Amino acid sequence: MNAKWWQRGIFYQVYPRSFQDTTGNGVGDLEGIRQRLDYLVELGVDAIWISPIYPSPMADHGYDVSDYCGIDPVFGDFETFDRMVEDVHNRGLKLVLDFVPNHTSEQHPWFQESCSSRDNPKRDWYIWRDPAPDGGPPNNWVSYFSGSGWTFHEPTGQYYYHAYLKEQPDLNWRNPEVREEMHNVLRFWMKRGVDGFRVDVIWHLIKDALFRDDPPNPDYKPGDPENMRLQQAYSADQPEVHPVIAGLRRVVDEYPDRMLIGEIYLPVARLVTYYGENLGGANLPFNFQLISASRHAKDLAKIIMDYEAALPPGGWPNWVLGNHDQPRIASRMGPELARIAGMLLLTLRGTPTMYYGDELGMEDVQIPKRATQDPWELNEPGIGVSRDPERTPMQWDASPHAGFTTATPWLPVSPDYVRQNVAALDADPRSILTMYRRLIALRRSHACLEMGTYRTISDEDDVLVYLRENDGERVLVALNLSDETQEFTLPEDMRACRILLSTRMDDPEFAESRLRLRRHEGVLIEIEAEAAPA
Ligand code: GLC
């Protein structure tokens with residue numbers, strides 16, 4: 001199979017505010033990313049996705065864009081950007097930008113114009129509605145960050161819609177001028193060398209034409225975030241979104257070898273529709289199932305099989321373990337299972353996306369109330385919605401502020417950074433970082449792991465065993481998710497050549513065809529090539 005770079009490659013998400021500060025203001029920047037590229041090369045990843053770097057009032061830390069074709073001074077300028085792109089490409093890496101098309105900042109000149117009067121030519125670029133008969137919001141849609149999704153604009157007497165903060169008004173993607181203008185934004189960055197885009201909340205782009213109320217969510221429990229009160233039946237995931245995405249994809253395909261990722265939180269059956277008709281939608285609709293998955297073998301096997309079965313013909317799978325909106329994997333699973341999760345991510349069929357610092361076992365950091373940055377937490381304090389804990393500075397070394405900055409960092413550095421940092425883990429042959437590097441190297445040297453078929457062998461005793469196979473090359477993955485030692489006997493038609501790797505980073509017990517897996521241990525086993533038929 002003639003694979004594309006984004007099918008073979010491993011993606012690594014950089015949250016730019018927290019990767020490396022070079023200006024001494026406590027916030028990471030583009031020059032910092034550039035200076036750390038060799039680390040990513042050594043780790044072995046292929047593509048970097050950077051969260052938004054555009055000019056922004058930072059109400060939602062860059063997901064409120066006030067100029068799609070600029071760089072926020074906190075991150076650098078075009079000179080630093082171009083230098084970074086050049087260095088990325090010189091190292092054989094790819095660069096994926098975050099594209100935030102669903103909403104702009106309220107300070108974007110388009111919104112300022114749209115606000116200026118009801119007959120301004122840009123009025124229809126956003127979603128304006130008259131008040132309900134009682135003067136209240138036009139319907140019951142809620143903001144993801146709590147409260148009504150509608151804010152009243154006194155001077156023009158209408159409400160505008162915002163799926164997120166009131167500082168993030170939603171664009172009207174039914175308007176052809178909006179589409180054209182945003183297509184030009186994509187072209188602008190591709191001409192500057194960008195290899196692809198991760199499209200923010202892509203399933204939100206089109207809303208119900210009739211603005212019908214969203215129905216209540218029967219699973220809502222008191223204490224849940226307010227956005228869970230309703231099912232987003234009308235405010236998102238509308239059929240008309242697919243031609244819009246196909247339009248984005250056509251623009252991306254005007255340039256050779258570019259690609260589109262869609263951020264989509266939907267059940268699998270809905271998720272896979274985002275590959276688009278004839279695969280003309282997102283190349284990779286992000287698959288977040290591992291983020292919410294239980295840690296048990298049977299559940300995982302089911303998730304994998306159901307996903308494989310749901311994929312459209314030719315649709316390329318992908319898996320994500322974490323991102324800047326989700327608690328860290330090491331906190332969700334604990335340090336041992338975090339290693340297993342890494343092994344799973346890097347040996348499943350499909351493109352893996354890693355989140356910076358997960359390769360160090362970085363955990364969620366408790367943020368004192370007064371240090372809170374996340375606007376969602378400020379809106380709904382104390383119920384556990386804050387995303388600050390997973391956005392803390394990258395831990396490079398044991399120097400003050402973990403080598404991230406010389407100033408006070410914008411979010412506190414984890415207290416465990418003195419132990420848990422790149423320099424320390426680099427020197428430890430059994431560290432999680434060393435494990436990640438070995439895993440990635442093995443993935444690269446075994447085509448079956450990159451491109452091969454997937455087959456579940458067993459999910460008994462809370463041990464998930466699966467086979468990856470390509471052209472006679474076979475690797476068996478065995479993950480003991482249980483809290484006890486488990487024995488696993490290889491199927492009769494398989495003879496092991498050697499153990500490639502254990503998550504414990506030592507030599508596991510292996511005799512004949514019996515494998516003893518210690519608690520929370522995962523191993524990769526090379527299986528003897530099948531004898532060619534006589
Ligand atoms: C996406 C981003 C998240 C942001 C939201 C609004 O979910 O990942 O960080 O707050 O969109 O843009």
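Each ligand, and each atom within it, is numbered from 1 in the order the structure gives. Everything numeric in this text was worked out from a predicted model, so none of it was measured.
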Asker: Do NZ/NE/NH1/NH2 and the carboxylate oxygens of Arg83 and Asp87 come within less than 4.0 Å?
Answerer: no

Asker: Determine whether the aromatic ring centres of residues His103 and Tyr164 are separated by less than 6.0 angstrom.
Answerer: yes

Asker: Compute the centroid of each ring, for Trp141 and then for Tyr160, and state whether the two points are separated by less than 6.0 Å.
Answerer: no

Asker: Charged N to carboxylate O below 4.0 Å: is that the case for Arg229 and Asp219?
Answerer: no

Asker: Could you tell me whether Asp237 and Arg270 make a salt bridge, using a distance below 4.0 angstrom between a side-chain N and a carboxylate O?
Answerer: yes

Asker: What residues sit with at least one heavy atom under 4.0 Å from ligand 1?
Answerer: Asp60, Tyr63, His103, Phe145, Tyr164, Gln168, Arg198, Asp200, Val201, Glu263, His324, Asp325, Arg387, Arg391

Asker: In plain terms, say whether Asp46 and Arg8 are close enough for a salt bridge, that is, a side-chain N and a carboxylate O under 4.0 Å apart.
Answerer: no

